[in-house]
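Residue numbers count from 1 along this sequence.
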Amino acid sequence: MAKVETVVFLSLVLDLFAFTIPLPLFPRIIEWYTIRESSNPNGFLVRTLQFVTSIRSLLYKSGAQSQRWDIVLLGGLMGSVFSTLQFFVSPRIGALSDKYGRKRILLITMIGNILSALIWIQSTTFASYMLSRVVGGLSEGNVQLAIAILSDVTTPAARSKALAHVGIAFAICFCIGPPIGAYFASRPLPKSFDSWGIGLNVYAIPAIITLVLLVAETAFLVVALPETRGKGFATAKVNEKSESNGTHTNGNGVHKPPVAKRSVESRLQILKSLRNFHFYFLALFSGVEFTLTFLTFDLLDWSNTQNGKLIGSIGIISALLQGGYVRRSMTKVGEGNMAQRGVSSCAVGLVLLALMPGFVQAQPSIAMKLLQGAAVCMSFTSATVVNSLTAFASLQCDEGGVDSVTGKSVEEHPQLAKGTALGKFRSSGQLGRALGPLLACASYWTFGPSATYAASALAMFALSMSMKKVAKTKSA
């Protein structure tokens, strides 16, 4: 089903392009709201910052950097809202797609995404901007449903390569989304907009671009995406091959006995372990990922454009690794081994970030090299870990479809249906993404960046060691 894979990939590019546009804007957009609403003591933003300051005062002595670090923590709160909502709704979205079909549920979630962009365009207050984040968090389902669709239309043997398209789409969009968002953020709105009498966000142009992309994606999905749930593409291919050969082959024409499928209990246990790893990894990685632009804002006073270039460079390297290494080597190396390598790379990157603040003033050239080295390590991590764990989880699911002999639907275990199982898997990661920015930002302004990244590095090394067992386990 090459056509379906192409449709899914193109829709992901549109969706993730829209998702990555605002990433480099967070520090400056909070700063804009702070200036705009500082005179209103009863405003939502002022009350929120007062709450942040009161917590900080219990843990950290006020200093010259306190106000900037409060913005860092507020950024963490903003990031966690979206992921917390995803934690709650992802299993439900997956289960609904098992019951009503992937396409129908995907189109419903797209309506929510479009509404979120519309609210952002007109969010002249911090409260309205947070409303757009809430609506987006409740409705984002493209990535998890794309994974379920690709799992529907591919055989287990081709699953890892197909799911690599998700990572490639992420990498491509991280190359182009943040720089474009930063570029248009610096462009003022045409004066003709003032005559409309409608208040618009300072970054309305990036928001409008996001809206256009989401509308285009929705129209494309309506026209091009077929329903894949229960069609049995993957099962039919496996059955046809088995019937024609009578046995399985190793890809070189050499016959070998069929491999016995793992028991339901074994697969459920593996899925549980993978969910735990997904949670712990993203709790650590999302913290450094989210605070990276705040680190450059805090220590280097970087602009949106500079942050956009940093995120874009990470995306470029990740895209090259996805297409040139990960997609070709995943099956040979093994999903578990590939994930462990990515976790180890992240630990090294965190060590480099922990060293960086000590060189910013005295030897800025060394500080930049440390930042660049950390970016390369994070690129490898982005290219490997989540994609590998997701492919591993998908291979534990029931394939469903229609039995080619009896013509009856193949019964699936309720917990191993792709939508349900992969929804829970994504939910665990989103819980990590919800907690990670909060914990990392709180640690950042309590103990400073060096201590925060050093502690995260130790935790990431420990996680890599704990993954040895799953790395040795065959995915299917």
Side-chain angles (χ1 to χ4, degrees), residues 1-13 15-16 102 142-174 225-226 228 231-242 248-254 256 259 261 267 270-271 274 278 315 317-342 379-401 418 421-422 425-426 470-471 473-476:
M1 294 300 295
K3 181 189 176 222
V4 174
E5 291 184 33
T6 301
V7 170
V8 170
F9 176 74
L10 292 176
S11 71
L12 276 174
V13 169
D15 189 79
L16 295 172
R102 316 288 189 217
N142 188 292
V143 174
Q144 77 173 83
L145 292 177
I147 293 169
I149 291 168
L150 290 174
S151 299
D152 285 338
V153 302
T154 55
T155 62
R159 186 74 43 80
S160 295
K161 285 187 177 181
L163 293 182
H165 286 103
V166 178
I168 293 172
F170 264 102
I172 290 173
C173 292
F174 268 85
L225 182 68
T228 62
K231 300 299 183 181
F233 298 115
T235 304
K237 290 180 181 178
V238 173
N239 287 340
E240 287 172 9
K241 186 174 181 179
S242 298
H248 297 267
T249 69
N250 62 6
N252 297 318
V254 179
K256 62 180 183 178
V259 178
K261 194 173 183 67
R267 286 183 284 151
I270 290 174
L271 280 171
L274 293 174
H278 197 209
I317 299 171
S318 181
L320 294 174
L321 288 170
Q322 281 279 354
Y325 170 67
V326 177
R327 191 168 182 272
R328 298 179 180 181
S329 305
M330 181 82 80
T331 304
K332 184 187 298 183
V333 173
E335 290 82 0
N337 274 319
M338 188 69 79
Q340 187 184 29
R341 291 179 183 182
S379 298
F380 184 81
T381 301
S382 298
T384 53
V385 181
V386 173
N387 295 329
S388 301
L389 292 178
T390 302
F392 208 143
S394 175
L395 290 169
Q396 309 314 310
C397 299
D398 283 339
E399 293 303 319
K418 293 188 184 76
L422 295 175
F425 174 80
R426 178 171 171 78
V470 74
T473 303
K474 292 184 178 181
S475 57

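In plain terms, the two heavy atoms of Leu12 and Ala169 that are nearest each other are CB-CB, 3.9 Å. The shortest non-hydrogen separation linking Val8 to Ala146 is CG1-CB, 3.6 Å. For the residue pair Thr381 and Gly342, the shortest heavy atom distance occurs at OG1-O, 2.9 Å. In terms of heavy-atom proximity, Cys397 sits nearest to Ala421 at SG-CB, 3.7 Å. For Asn387 against Ser382, the heavy-atom pair with the smallest separation is ND2-O, 4.1 Å.
Within the 4.5 Å cutoff, side-chain heavy atoms of Ile172 are placed close to those of Phe9. Looking at His165 and Arg327, their side chains come closer than 4.5 Å, going by heavy atoms from C-beta outward. By the 4.5 Å heavy-atom criterion applied to side chains, Leu16 and Val143 are counted as neighbours.
Judged purely by atom type and a 3.5 angstrom limit, Asn337 uses its side chain to pair as donor or acceptor with the backbone of Val333. Judged by distance alone, the side chain of Ser329 and the main-chain N or O of Val326 form no donor-acceptor pair under 3.5 Å. Under a 3.5 Å cut-off, the side chain of Thr384 and the backbone N or O of Ala339 do not form any donor-acceptor pair. Glu335 places no side-chain N or O within 3.5 Å of a backbone atom of Thr331 that could act as its donor or acceptor partner.
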task: Quick one: do Phe392 and Ile270 satisfy side chain to side chain contact (heavy atoms under 4.5 Å, CB included)? Show the steps, please.
output: CA-CA 9 Å; Phe392 208 143; Ile270 290 174; 4.0 Å; yes

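For the atom pair Leu271 CG and Gln396 CD, the distance stands at 5.5 Å (nearest 0.5 Å). Rounded to the nearest 0.5 Å, atoms CD (Gln144) and NZ (Lys418) are 14.5 Å apart. Distance check: Ile317 CD1 to Gln322 CD gives 13.0 Å after rounding to the nearest 0.5 Å. The OG1 atom of Thr390 sits 11.5 Å away from atom CG of Leu150, with the distance rounded to the nearest 0.5 Å. A distance of 4.0 Å separates OH of Tyr325 from CZ of Arg341, quoted to the nearest 0.5 Å. Taken from CG in Leu320 to CD1 in Ile168, the straight-line distance is 10.5 Å, to the nearest 0.5 Å.
Classification of Arg267 and Asp398 as a salt-bridged pair holds, one side-chain N sitting under 4.0 Å from a carboxylate O.
By the side-chain contact (heavy atoms from CB on, under 4.5 Å) test, Ser394 is found to be paired with Ser151, Arg159, Leu163, Leu422, residues two or more places apart in sequence or in another chain being considered. Remark: Asn142 pairs with Glu217 by the side chain to side chain donor-acceptor pair (under 3.5 Å) rule, at least two apart or across chains.
Classified by interplanar angle (parallel below 30°, tilted 30° to 60°, perpendicular above 60°), the ring pair Phe425/His278 is parallel.
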